[in-house]
Enquirer: 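The structure that follows is given in the form of structure tokens.
We count ligands from 1, going down the list as the structure has it; atoms in each ligand are counted the same way. Being a predicted model, the structure only gives us computed values, none of them experimental. We count residues from 1, following the sequence as given.
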Amino acid sequence: MSATSRYQYLFSPLRIGPLTVRNRVVFSAHLTNYAADGLPTEQHAAYYAARAAGGAGLIITEEHSTHPTDWPYEKLIHGFNPAVIPGYRRITDAVHAHGTPILAQINHNGGQASSMFSRQPVWAPSPVPDPLFREVPKALEPHEIREVVAGYGQVAEHCAAGGFDGIELQCSHSSIVRGFLSPATNRRTDEYGGSLANRARLLLEIVDAVRAAIGPELALGVRICGDELIEGGTTIEDAVAIATMVEASGKVDYINTSIGVATATLYMIEASMQVPPGYAMFIPSAIRAAVNLPVVGVGRFKDPLQADRALAAGQADLIGIVRGQIADADFVAKARAGHATEIRTCLSCNQECVGRMGLNRWLGCIENPRTGREAVPLPAPRRRGQRVFVVGGGPGGLQAAVSAAQRGHHVTLFERSDRLGGQVQLAASVPSRAEFLDIVRNLIAHAQRVGVDVKLSTDVDADLLLAEKPDAVILATGAAPNPPWWAGAAGSGPDHRVVDVRDVLEGRAAPSGKVVVIDELGFHQATSVAELLADRGCQVEVITNGMVVGQDLGVTLDMEQWNVKAAARGVTQATDLVPMGAAPAENGAGVVLNLQHHPTGTDQTREVDWVVCAVHQRAEDGLYRALRAAGALPFTLQRVGDCLSPRRAHAAVVEGQRAAVAL
Ligand SMILES: Cc1cc2nc3c(=O)[nH]c(=O)nc-3n(C[C@H](O)[C@H](O)[C@H](O)COP(=O)(O)O)c2cc1C
Ligand code: SF4
């Protein structure tokens, strides 16, 4: 069966107003933070071009601001500045070279912004402060509404001049239009407030202005929120009614959809692996039943078959696949070629895409070191065909092996245990985190395709390497648990009750009864093991020295689910507490944990059965030190990932690739 017949729906062309797309996969809008000084860059052009080359049916860029009052984050494209046009042209030329249409998303974020960058009050329908930015907006006066509408028209003209094939209006999760549409933020009593028809007036005026600016030759789409998931916000019934009004204007070519409010319920817009795939398809389904325009559905589409089935079921006409194509630019091409198993499946971990946006960094991907680096060519290998030994089969070692083999070297990968994956195997073994293992599955499959020779259950020492004399050695030997200084006698000995998260996940310890989990890492380690132990019947308290347990779950959008799950399991949380010492309990079967509340300097104790530590590890660098002690080496030697310095998986992947490229 050919790939296109396997995916009957995915690879059928579709007319969208004046455009025809070759397949149903949309690379829907998403921030990249690739802009510099408000202008698009070469980084944008190369990034989008790679997805066009990879077969996307339609590309929609990140938002471009329509007015100087709208500047919620530093690296926003200032569409209102005509200086953007040459950068637009670079992007559209690069994408059109692959026969792919590209639309520009244009937007004003309204009250979902701050005055920090613009030094002007934010504009909104009513003075209702946004829960994230916590600033009282200025309610728009009639002349300012006209200015907003004109701004959309002007930016649409810039986009047309820059070669875009059309415009998408972001009216969904962070927008002044959303602000007007939503009863939660629109308290106006004039003709722009009250009834839905009044609340939709701004949207329809903008549709008129943009259509007038771009003429009939370019496409126009409207992105609508299907449910704001906030008290008093718009619902699916409103969304269907809004879509019907948009269609009735006769000026719009398609409807895109979304869910949630970016500054309140973002965890449902860019849902992590804790939310089921395809979770938002009730929205396009309902809208599609009410309008004839093509409708885009989006949200955790992980593979082409899932997308094809949604199309077959009539849930949507097009499928937005965003993170799937951030992770693998060739997602569509691989599906079309019948090689869907070669797709580097997105993990929905949000660590290096969404997570980096929240930290004002450029968009990347935990498992794709080339995402965001498309404009920077890799240098040629110094010498092809080298014999490369990689020691350690976690993500860093696997990536080093794959990249080295891709670059024409002969690679052998040694792993001490009987399976590849390193600590990812543990991270994925806890509730709701199984998809994290896809990073290993993807790398193992890739290693097989490029001919890496994998030797499991093989201990490698300095003597073996010195005897074998490969051309290059890359060490990825990982990290080991490091008992904290404060554990004292309670952390050692045959019956010790202060253990590491890894002791629990690897089965060396089976805590029961009252358990304290110490969170010094601020990520999934503590919260995952807490959830696991609570499910096993333990009474769990998580204690952190930080201001919040699992602090970085905030940037990956896992915090909400963690808190819901913790509350449901009776897991309690305490903050600002620093462990100062631990001792065996007097009855000999527990631990007394001494803590200091650092803001006040007061002491606390906990008497529990077990203490489980999510604390910093130590580099497993024994092999490196042994080789260095051996004097001059007959091979080049590099270290990557945790054996260099224990960090998160992305560091290992990036360094694995870098080490291979250096050969
Ligand atoms: C890093 C990131 C930034 C995003 N920024 C935007 C945006 O500027 N405008 C928009 O309409 N949607 C934005 N989205 C939402 C996506 O268009 C899409 O709805 C969401 O990622 C779910 O699709 P996926 O599961 O295929 O990633 C963003 C998504 C991500 C991952
Ligand atoms: S960082 Fe994670 S969620 Fe984001 S694209 Fe990569 S794999 Fe997907």
Side-chain angles (χ1 to χ4, degrees), residues 25-35 56 59-65 72-73 75-77 103-107 109 112 168-175 177-178 221-226 256-262 266-273 275-281 283-284 296-303 306-307 310 319-329 331 343-359 361-372 395 435-439 442-443 555-558 648-650 653-654:
V25 179
V26 181
F27 195 38
S28 216
H30 54 286
L31 314 183
T32 61
N33 275 343
Y34 296 159
I59 292 176
I60 305 170
T61 69
E62 70 192 86
E63 62 178 359
H64 310 202
S65 174
Y73 52 94
K75 292 163 189 159
L76 175 65
I77 296 175
L103 312 184
Q105 187 181 76
I106 67 174
N107 189 34
N109 286 274
Q112 294 174 266
E168 178 174 282
L169 305 176
Q170 206 261 81
C171 311
S172 42
H173 40 260
S174 180
S175 166
V177 183
R178 183 211 64 76
V222 173
R223 192 165 198 191
I224 296 172
C225 176
N256 198 348
T257 57
S258 184
I259 185 168
V261 175
L266 186 64
Y267 67 98
M268 288 300 285
I269 301 172
E270 296 145 10
S272 79
M273 64 182 82
V275 177
Y279 61 97
M281 292 307 280
I283 298 167
V296 186
V298 67
R300 289 255 285 137
F301 276 88
K302 302 222 356 157
D303 68 60
Q306 179 200 359
I319 303 293
I321 300 180
V322 177
R323 286 167 294 176
Q325 294 183 86
I326 293 174
D328 193 337
F331 182 104
I343 292 172
R344 188 189 295 110
T345 319
C346 164
L347 320 176
S348 301
C349 67
N350 283 345
Q351 279 184 228
E352 303 298 324
C353 53
V354 175
R356 285 174 69 92
M357 295 303 93
L359 300 172
R361 305 284 195 271
W362 50 262
L363 180 99
C365 172
I366 191 170
E367 55 176 350
N368 185 351
R370 296 298 293 156
T371 296
E435 285 177 56
F436 200 60
L437 195 59
D438 280 347
I439 189 173
N442 293 335
L443 280 165
V555 289
T556 59
L557 311 181
D558 288 303
R648 295 181 185 161
H650 183 57
V653 169
V654 166

Enquirer: Is atom 8 (Fe) of ligand 2 under 2.8 Å from any N, O or S atom of Cys365?
Expert: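 For Cys365, the answer is no, given that no N, O or S atom comes within less than 2.8 Å of atom 8 (Fe) of ligand 2.
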Enquirer: Assess whether side chain to side chain contact (heavy atoms under 4.5 Å, CB included) is satisfied between Ser272 and Thr556, documenting all intermediate values.
Expert: CA-CA 7 Å; Ser272 79; Thr556 59; over 6 Å; no
Enquirer: Quick one: look up the protein heavy atom nearest atom 8 (Fe) of ligand 2 and list residue, atom name and how far away it is.
Expert: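 Among all protein heavy atoms, the one nearest atom 8 (Fe) of ligand 2 is Cys346 SG, 2.4 Å.
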Enquirer: Counting from 1, what ligand 1 atoms have a heavy atom of Gln105 closer than 4.0 Å?
Expert: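 Atoms satisfying the 4.0 Å criterion: 7 (C), 8 (O), 9 (N), 10 (C), 11 (O).
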Enquirer: Output the list of atoms in ligand 1 that are nearer than 4.0 Å to some heavy atom of Ile321, sorted by atom number.
Expert: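 So the answer, numbered in order with elements, is 26 (O).
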Enquirer: Hey, does Asn350 have a side-chain heavy atom less than 4.5 Å from the side chain of Tyr267?
Expert: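 Contact flag for Tyr267/Asn350 side chains = no.
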Enquirer: Taking 4.0 Å as the limit for heavy-atom contacts, which would you say applies to Leu31 with ligand 1: side chain only, backbone only, both, or neither?
Expert: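 Looking at Leu31 and ligand 1, atoms from backbone and side chain both fall under 4.0 Å.
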Enquirer: Consider every N or O of Val322 and every N or O of ligand 1, then say whether any pair is closer than 3.5 Å.
Expert: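 Yes, at least one N or O pair falls under 3.5 Å.
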Enquirer: Side chain, backbone, both or neither: which applies to Asn256 and ligand 1 if a contact is any heavy-atom pair less than 4.0 Å apart?
Expert: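 The answer is neither; Asn256 stays 4.0 Å or more away.
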Enquirer: At a 4.0 Å threshold, what atoms of ligand 1 neighbour a non-hydrogen atom of Leu363?
Expert: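 Reading through ligand 1 atom by atom, the close ones are 1 (C).
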Enquirer: Give the atom numbers and elements of ligand 1 that come within less than 4.0 Å of a heavy atom of Gln170.
Expert: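 Here the atoms of ligand 1 in question are 11 (O).
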Enquirer: Can you list the steps and then say if Ile319 with Met281 is a side chain to side chain contact (heavy atoms under 4.5 Å, CB included)?
Expert: CA-CA 10 Å; Ile319 303 293; Met281 292 307 280; 4.0 Å; yes
Enquirer: Show the atoms of ligand 1 that are less than 4.0 angstrom away from any heavy atom in Val298.
Expert: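 The atoms of ligand 1 under 4.0 Å from a heavy atom of Val298 are 18 (C), 19 (O), 22 (C), 23 (O).
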Enquirer: Go through the steps for Val25 and Phe301 under the test side chain to side chain contact (heavy atoms under 4.5 Å, CB included), then give the verdict.
Expert: CA-CA 10 Å; Val25 179; Phe301 276 88; over 6 Å; no
Enquirer: Looking only at protein heavy atoms, which one is nearest to atom 5 (S) of ligand 2, and how far off is it?
Expert: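 Checked against all protein heavy atoms, atom 5 (S) of ligand 2 sits closest to Arg323 O, 3.6 Å.
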Enquirer: Report yes if the side chains of Trp362 and Lys75 come closer than 4.5 Å at any heavy-atom pair, otherwise no.
Expert: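 Contact flag for Trp362/Lys75 side chains = no.
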Enquirer: Measuring only between side-chain heavy atoms, which start at C-beta, is Ser348 closer than 4.5 Å to Arg300?
Expert: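 A side-chain contact exists here, since the closest heavy-atom pair is under 4.5 Å.
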Enquirer: Enumerate the atoms of ligand 2 whose separation from the nearest heavy atom of Glu367 is less than 4.0 angstrom.
Expert: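 Near Glu367, the atoms of ligand 2 are 7 (S).
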Enquirer: Tell me the nearest of Glu270, His30, His173, Arg223 to atom 19 (O) of ligand 1, using heavy-atom distances.
Expert: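 Minimum heavy-atom distance to atom 19 (O) of ligand 1 goes to Arg223.
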Enquirer: With atoms numbered from 1 as shown, which atoms in ligand 1 lie under 4.0 angstrom from a non-hydrogen atom of Met357?
Expert: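 Atoms satisfying the 4.0 Å criterion: 1 (C).
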Enquirer: Out of Asp438, Leu347, Leu363, whose heavy atom is nearest to atom 7 (S) of ligand 2?
Expert: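 Comparing heavy atoms across Asp438, Leu347, Leu363, the nearest one to atom 7 (S) of ligand 2 lies in Leu347.
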Enquirer: Report, in ascending order of atom number, the atoms of ligand 2 lying under 4.0 Å from any heavy atom of Ser348.
Expert: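 Reading through ligand 2 atom by atom, the close ones are 3 (S), 8 (Fe).
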Enquirer: In the structure I gave you, are the side-chain heavy atoms of Val26 and Ile321 within less than 4.5 Å of one another anywhere?
Expert: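 The answer is no, as the side chains (C-beta and beyond) never meet within the 4.5 Å cut-off.
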Enquirer: Going by the atom numbers of ligand 2, which of them fall below 4.0 Å from some non-hydrogen atom of Asn350?
Expert: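 Per the distance check, 2 (Fe), 3 (S).
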Enquirer: Which of the numbered atoms in ligand 2 are below 4.0 angstrom from a heavy atom of Ile366?
Expert: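 The list of qualifying atoms is 1 (S), 2 (Fe), 6 (Fe), 7 (S).
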Enquirer: How far apart are the closest heavy atoms of Phe27 and Val322, and which atoms are they?
Expert: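 Between these two residues, the closest heavy atoms are CE1-O, 3.4 Å.
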Enquirer: Can you find an N/O atom of Ile326 closer than 3.5 Å to an N/O atom of ligand 1?
Expert: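 No - when backbone and side-chain N and O of Ile326 are compared with those of ligand 1, no distance drops under 3.5 Å.
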Enquirer: Is there an N/O/S atom in Cys349 that lies less than 2.8 Å from atom 6 (Fe) of ligand 2?
Expert: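 Checking Cys349: none of its N, O or S atoms is under 2.8 Å.
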Enquirer: Below 4.0 Å from any atom of ligand 1, is there a heavy atom belonging to Gly324?
Expert: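 Gly324 does not count as a contact of ligand 1 under the 4.0 Å cut-off.
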Enquirer: Report the C-alpha separation of Ser175 and Gln170 in whole Å, then their side-chain angles, then the decisive distance to 0.1 Å, and conclude whether the side-chain hydrogen bond (donor to acceptor under 3.5 Å, both in side chains) test is met.
Expert: CA-CA 7 Å; Ser175 166; Gln170 206 261 81; 4.8 Å; no
Enquirer: Would one find an N or O of Arg300, backbone or side chain, under 3.5 Å from an N or O of ligand 1?
Expert: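 Yes, there is a polar N/O contact under 3.5 Å.
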Enquirer: Relative to the heavy atoms of Cys353, which atoms of ligand 2 are at a distance of less than 4.0 Å?
Expert: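 Going through ligand 2 atom by atom, the ones under 4.0 Å from Cys353 are 1 (S), 3 (S), 4 (Fe), 5 (S).
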Enquirer: Below 3.5 angstrom, do we get any N/O pair linking Arg323 and ligand 1?
Expert: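 Between Arg323 and ligand 1, an N or O pair is found under 3.5 Å apart.
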Enquirer: Backbone N or O of His173 within a donor-acceptor pair of the Gln112 side chain at under 3.5 Å?
Expert: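 Indeed, once roles are kept as given, a pair shorter than 3.5 Å links the two residues.
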Enquirer: Side chains of Met357 and Leu363: closer than 4.5 Å at any heavy-atom pair?
Expert: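 Yes, their side chains come closer than 4.5 Å.
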Enquirer: Taking the side chain as everything from C-beta on, heavy atoms only, tell me whether Asn256 gets closer than 4.5 Å to Gln105.
Expert: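 They are not in side-chain contact.
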Enquirer: Evaluate Ala29 for polar contact with ligand 1, using N/O atom pairs at a separation under 3.5 Å.
Expert: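 N/O-N/O distance below 3.5 Å exists for this pair.
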Enquirer: Do His30 and Glu270 have side chains that approach each other closer than 4.5 Å (heavy atoms only, starting at C-beta)?
Expert: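 Answer no - side chains too far apart.
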Enquirer: For atom 31 (C) of ligand 1, what's the nearest protein heavy atom and its distance?
Expert: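 Result: Val354 CG2, 3.6 Å.
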Enquirer: Does the pair Arg223/Glu63 count as a salt bridge with the N-to-O cut at 4.0 Å?
Expert: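 No, no charged N to carboxylate O under 4.0 Å.
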Enquirer: Would you say the side chain of Ile439 lies within less than 4.5 Å of the side chain of Val653, judging by non-hydrogen atoms?
Expert: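 Yes, their side chains come closer than 4.5 Å.
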Enquirer: Below 4.0 angstrom from a heavy atom of Ile326, which ligand 2 atoms are there? Numbered from 1 as shown, please.
Expert: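 Those atoms are 5 (S).
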Enquirer: Taking 4.0 angstrom as the limit and counting only heavy atoms of Glu352, give me the atoms of ligand 2 inside it, by number and element.
Expert: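 That gives atoms 1 (S) of ligand 2.
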Enquirer: Which atoms from ligand 1 have a heavy atom of Ile269 less than 4.0 Å away?
Expert: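 Result: 20 (C), 22 (C).
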Enquirer: Got a sec: does the CZ of Arg361 have more than 12 other heavy atoms crowding it under 6.0 Å?
Expert: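 It does not: Arg361 CZ has 12 such atoms or fewer within range.
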Enquirer: Indicate yes or no for a side-chain donor-acceptor contact from Thr257 to the backbone of Pro284 under 3.5 Å, with no hydrogens or angles considered.
Expert: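 It does not hold such a pair.
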